[in-house]
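Below is one structure; the comments refer to it alone.
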Amino acid sequence: MVYRLFFSMLSLLLLLSACSTSKSWVVAKQPGGFFIGQGKDSVLFYQRIPHAADGRYARAHYIHPLYSLHNTVLTENMPKDHPHHHGVFWAWHQNFVGETSVGDAWALENFSWEVAKAEVDRSASSCVLRTEVLWKSPLWLDENGKEKAFVREKTDIAIHRSKENYRVIDFRIELHALEAGFQIGGSTDEKGYSGFSWRIRLPDELTFAGARGEVQPQNLALDAGPWMNITGNLDGQAGNEGVLVIDHPGNPGYPQPWILRSKNSMQNAAFPGREKIEIKPDQPLLLRYRMVIYDGALSRAQIDRLSASM
């Protein structure tokens with residue numbers, strides 16, 4: 001009886017250990033960046049070095065692919081209609097030091113990202129990619145004629161262990177100006193787009209919903225509350241998937257307006273709009289967003305819990 005109980009307990013411990021191992025974080029450093037998975041599930045790829053097509057529209061420091069819970073790809077990278085869109089990215093049209101333009105990071109003109117550091121910390125509950133990135137431009141040079149960084153970006157991307165029918169990814173983006181008078185802004189037209197953006201597959205039938213209910217994409221930014229939920233057959237497989245993005249209550253301009261598109265474009269938390277804002281060297285700008293990848297549907301109670309726990 002004692003032996004039987006011992007072996008039963010041993011079998012249970014081995015089974016629990018195997019289950020835990022099967023869901024361990026998988027981090028693979030590859031030539032272009034980092035692949036991150038959870039057990040047998042693919043989560044995302046972080047592009048560390050610039051990726052371009054025929055030398056054009058090069059961007060570094062973004063996520064593609066981003067995977068669904070079915071291990072299918074949700075994001076699009078350099079689509080024909082907008083080749084400057086790269087998966088999940090954050091960038092601004094207007095970048096100025098004083099009155100001097102130092103490139104357009106959205107349109108990928110006279111702008112580059114130098115990833116000075118990228119490392120991964122793992123725990124039982126999360127896997128965090130920590131990066132330091134220098135913003136540079138051929139329009140901003142030092143006394144020796146070399147490109148001089150004007151922003152040091154410190155961004156953490158925290159992937160939380162999947163549960164229920166969803167996976168949570170938190171973005172913490174901190175911009176440290178290295179030059180006095182540095183400013184960022186969105187497009188100079190009435191749309192004012194720029195900032196945190198995600199380019200995902202867009203099937204014919206989609207639902208866009210904010211905290212106040214369903215909304216329809218329009219040309220200009222719209223106020224829909226502190227989160228945006230997009231649901232549809234995003235990965236081409238059976239059933240629906242969704243991407244929920246939550247604006248952190250500590251963000252400037254909270255709740256930020258949304259630029260939404262149902263065809264051939266990205267989705268965008270539009271900050272700061274067409275008017276530039278200054279980032280002072282001693283006062284970094286902090287932006288935080290939560291992205292939730294889910295299968296099927298999320299209830300309002302789930303969204304409320306996910307919002308409250310940021």
Check whether the ring centres of [X] and [Y] lie less than 6.0 Å apart, and answer yes or no.
{"X": "Trp90", "Y": "Phe171", "value": "yes"}
{"X": "Phe45", "Y": "Phe35", "value": "no"}
{"X": "His86", "Y": "Tyr57", "value": "no"}

Kindly assign one of parallel, tilted or perpendicular to the pair Trp198 and Phe196, based on the angle between their ring planes and the thresholds 30° and 60°.
tilted
Arg199 vs Asp81, test: salt bridge (Lys or Arg N to Asp or Glu O under 4.0 Å). Steps then yes/no.
CA-CA 12 Å; Arg199 174 75 192 229; Asp81 53 83; 2.9 Å; yes
State plainly whether the residues [X] and [Y] are in salt-bridge range, i.e. N to O under 4.0 Å.
{"X": "Lys263", "Y": "Asp204", "value": "yes"}
{"X": "Lys148", "Y": "Glu143", "value": "no"}
{"X": "Lys280", "Y": "Glu278", "value": "no"}

Distance alone, cut at 3.5 Å: any donor-acceptor contact between the side chains of [X] and [Y]?
{"X": "Trp135", "Y": "Glu153", "value": "yes"}
{"X": "Ser309", "Y": "Arg290", "value": "yes"}
{"X": "Arg152", "Y": "His176", "value": "no"}

Considering residues at least two apart in sequence or located in another chain, which fulfil the side-chain contact (heavy atoms from CB on, under 4.5 Å) criterion with Ile277?
Ile184, Phe271, Pro272, Leu285
Can you tell me how far NZ of Lys117 sits from OG1 of Thr131, rounded to the nearest 0.5 angstrom?
8.5 Å
Nearest non-hydrogen partners of Gly103 and Ser137, listed with the distance:
N-OG, 4.2 Å
Side chains of Trp106 and Phe111: does their closest heavy-atom pair fall under 4.5 Å?
no
